[in-house]
Amino acid sequence: LTEIYNLVSNLEVGHDDFTVQELITDYTTPNLNLEEDTLVVLNPEGQIVASQDVFATDPIPVHPTVWGRVHPDYTGLGLGTYLIRWGIERARHVLDKVPEEYRVAVHSFSLDQAEESIKLIEAHGYTPRRHFFRMKIEMNSAPPAPEWPEGIRLETCTIPDGIPNYFRALDDAFKDHFGYIEEPFDHALAEFKHRRLKDDGFDPSLWFQAMDGDEIVGICLGRKTGWESEKVGHVNVLGVRRPWRKRGLGLALLNHIFNVYWERGQHIVKLGVDADSLTGAVGLYERAGMKVIHQFNVYQLELRPGIELGKTSAED
C-alpha cells in the first residue's frame with residue numbers, strides 16, 4: 001500500500017508522502033475494524049493494486065472519512081468508481097451511532113491538481129467543503145531569534161508524563177479550528193498518543209510548550225524530518241490558546257522551531273494549514289516567510305441533514 005500511495009504522490013507532488021510505519025499507525029487506530037472498514041483490490045497475481053478506507057473512529061462519527069488510491073497502471077478500469085461507491089455505502093453504518101438531530105456527511109480529500117480524482121468524486125455527489133494549504137519556507141540564512149512576550153518562557157514537554165497537560169493545551173487552542181468537535185478527553189488523548197508516539201518522525205526534543213507561570217499557553221510540535229527527505233523539517237501542530245493570542249507568541253514559537261531545524265541542517269520546513277483559518281494562521285505563516293506550495297480540498301457528501309456538530313465560525 002505504501003508503494004502505491006507513494007507512486008501516486010510522486011505523480012501529484014513529485015516526492016514520497018507516506019511511510020510504512022505511518023500506515024501501520026493508521027491501521028491500528030483504536031476502533032478501526034479492518035475487516036469491515038478497509039478494502040483492497042488484487043490483480044490476478046495476488047498483488048494489491050487499489051484500496052479504500054473508511055475511518056469513523058470518533059465517539060460521535062458525524063464525518064466519516066473515505067479515502068483510497070488506485071495504482072497508476074490500473075486506472076481507467078472502473079476500480080475508482082467501485083471503491084468510491086463501496087466507501088459511501090460502508091460509511092452509512094455511522095447513521096445508527098449518531099443522534100438523529102445531528103447532520104452526517106462523508107468527507108474525502110484530494111489535491112487541487114488531481115483533476116481526474118476530483119471529477120470522479122464530484123460525479124458521485126461530493127461537493128467542496130474546505131481548502132487546506134501545504135506551506136514551506138526555504139531558509140538561506142539563520143531565521144530571526146524568537147521574541148517572547150513578557151512573562152512567557154519555553155519548555156520541552158516531558159514524555160510521557162507531561163503529555164496529558166500538553167494535549168489539554170493543544171485541544172483548547174484548536175477549539176477555534178474549523179470542524180472542531182469536543183470529544184471525551186480520555187478517547188481524544190489516547191488517539192493523540194497513538195498517532196504521535198508511534199510516528200516514525202517522533203522526536204521528543206521537538207515538543208515545545210510556552211509557559212505562563214505553571215500554565216501551558218502555546219504549543220509547537222515538530223517532526224524530526226519531512227516525508228520526502230531527511231533534509232526537510234515539518235511542523236505537525238502549532239497553536240496558541242485564545243487569551244494569549246495577538247501578542248506575538250505564535251510567531252515566536254514558529255521562529256524557535258525554525259532555528260532548531262536550521263541548526264540541524266534542515267533549511268526547508270513545511271506544514272499544513274486551513275486555507276481559511278478562523279484564527280488567521282495563514283497570515284502568521286506568511287509573515288514568517290512561508291509560501292503556499294500545494295492546495296488540498298476536502299469534499300463532502302451529506303448522508304443525513306441536521307445540526308452541524310463541527311465548528312464552522314469563530315463565533316461558535
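No more than 12 heavy atoms of other residues, nucleotides or ligands lie within 6.0 Å of CD in Glu150, so this atom counts as exposed by the packing criterion. The number of heavy-atom neighbours closer than 6.0 Å to CD of Glu230, taken from other residues, nucleotides and ligands shown, is 12 or below. Heavy atoms of other residues, nucleotides or ligands lying less than 6.0 angstrom from CD of Glu101 number more than 12. Enclosure of atom CD in Glu3 is not indicated, since only 12 or fewer non-hydrogen atoms of other residues, nucleotides or ligands lie within 6.0 angstrom. Counted within 6.0 Å of OH on Tyr180, heavy atoms from surrounding residues, nucleotides or ligands total more than 12; the atom is thus considered enclosed.
Using a 4.5 Å heavy-atom threshold, the side chains of Arg196 and Ile163 count as separate. You'll find the side chain of Val49 stays beyond 4.5 Å of the side chain of Leu42, heavy atoms only. With contacts defined as side-chain heavy-atom distances shorter than 4.5 Å, the pair Lys175/Lys311 does not qualify. For the pair Gln52 and Val41, the minimum side-chain heavy-atom distance is 4.5 Å or more. With contacts defined as side-chain heavy-atom distances shorter than 4.5 Å, the pair Glu228/Val13 does not qualify. With a 4.5 Å cut-off on side-chain heavy atoms, Lys270 and Ile293 count as touching. Residues Asn6 and Trp227 are not in side-chain contact: their nearest non-hydrogen atoms beyond the backbone lie 4.5 Å or more apart. At least one side-chain heavy atom of His124 sits less than 4.5 Å from a side-chain heavy atom of Arg85.
In terms of heavy atoms, Ala188 sits closest to Phe167 at CB-CZ, 3.6 Å. Considering all non-hydrogen atoms of both residues, Pro164 and Phe185 come closest at O-CZ, 3.8 Å. In this structure, Thr279 and Asp176 approach most closely via the heavy-atom pair CG2-CB, 3.7 Å. Counting all heavy atoms, side chain and backbone alike, His93 lies closest to Asp37 at CE1-OD1, 4.1 Å. Across all non-hydrogen atoms, the minimal contact from Gly239 to Phe174 is CA-CE1, 4.1 Å. Minimum heavy-atom separation, His234 to Leu271: CE1-CA, 3.8 Å.
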Problem - Intermediate values then yes/no, side-chain contact (heavy atoms from CB on, under 4.5 Å), Val269 and Met139 - result: CA-CA 8 Å; Val269 183; Met139 298 179 287; 3.9 Å; yes
Problem - Criterion side-chain contact (heavy atoms from CB on, under 4.5 Å) on Tyr27 and Leu32, from CA distance to verdict - result: CA-CA 7 Å; Tyr27 289 129; Leu32 179 70; 4.0 Å; yes
Practice task
Would you please test Phe178 and Asp276 for side-chain contact (heavy atoms from CB on, under 4.5 Å) and show each step?
Solution key: CA-CA 9 Å; Phe178 181 85; Asp276 297 304; over 6 Å; no
Practice task
Show your working on side-chain contact (heavy atoms from CB on, under 4.5 Å) between Asn255 and Phe258 and close with a plain yes or no.
Solution key: CA-CA 5 Å; Asn255 279 330; Phe258 284 173; 4.0 Å; yes
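Ring centroids of Tyr126 and Tyr299 are separated by 6.0 Å or more, keeping the two rings apart. Between Trp207 and Phe192, the ring center distance clears the sub-6.0 Å criterion.
For the side-chain contact (heavy atoms from CB on, under 4.5 Å) criterion with Ile219, the lone passing option out of Val240, Val237, Leu238, Asp171 is Val237.
A donor-acceptor pair under 3.5 Å is absent between the side-chain atoms of Arg223 and the main chain of Asp199, judged by distance alone. Using a distance-only test at 3.5 Å, with no hydrogens or angles considered, no donor-acceptor pair links the side chain of Asp58 to the main chain of Ile60. For Asn259 (side chain) and Pro144 (main-chain N/O), a donor-acceptor pair under 3.5 Å exists by modelled atom type. Glu191 contributes no side-chain N or O that, together with a main-chain N or O of Pro30, makes up a donor-acceptor pair within less than 3.5 Å. Between the side chain of Arg134 and the backbone N or O of Phe296, no donor-acceptor pair lies under 3.5 Å.
Taking CD from Glu308 and CD1 from Ile181, the interatomic distance works out to 6.5 Å, rounded to the nearest 0.5 Å. Here the CG atom belonging to Leu249 is positioned 10.0 Å from the SG atom belonging to Cys220, to the nearest 0.5 angstrom. Between the NE2 atom of His194 and the OG1 atom of Thr29 there is a distance of 4.0 Å, given to the nearest 0.5 Å. Note that the CZ atom of Arg153 and the CD atom of Gln209 stand 9.0 Å from one another [nearest 0.5 Å]. Rounded to the nearest 0.5 angstrom, Leu309 CG and Arg103 CZ are separated by 11.5 Å. Note that CZ of Arg195 and OG1 of Thr28 are 8.5 Å apart. Values are rounded to the nearest 0.5 Å.
Linking ILVMFWY residues whenever their side-chain heavy atoms come closer than 4.5 Å, directly or via other members, leaves Leu34 and Trp86 in distinct clusters. Connection of Val70 to Leu120 is established within a shared hydrophobic cluster, with ILVMFWY side chains joined at heavy-atom distances below 4.5 Å, either directly or through further cluster members. The hydrophobic cluster containing Phe208 does not contain Met211, counting ILVMFWY residues as joined when their side-chain heavy atoms lie under 4.5 angstrom apart, directly or transitively. Residue Val106 is grouped with residue Val94 when hydrophobic side chains (ILVMFWY) are merged at heavy-atom distances under 4.5 angstrom, including chains of intermediate members. Hydrophobic clustering of Ile, Leu, Val, Met, Phe, Trp and Tyr side chains at less than 4.5 Å, counting indirect connections, unites Leu95 with Leu301.
Asp200 and Thr19 form a side-chain donor-acceptor contact under 3.5 Å, judged by distance and modelled atom types alone. For the 3.5 Å distance criterion, the side chains of Asp16 and Asn10 qualify, holding a donor opposite an acceptor.
Pairs passing the side-chain hydrogen bond (donor to acceptor under 3.5 Å, both in side chains) check and including a residue from residues 67-81, sequence neighbours excluded, read Asn43-Tyr74. Within the structure, side-chain hydrogen bond (donor to acceptor under 3.5 Å, both in side chains) contacts touching residues 105-121 (residues at least two apart or in different chains) are Asp112-Asn297.
The pair Arg241-Asp212 fails the salt-bridge criterion, with no side-chain N (NZ, NE, NH1 or NH2) lying under 4.0 Å from an Asp/Glu carboxylate O.
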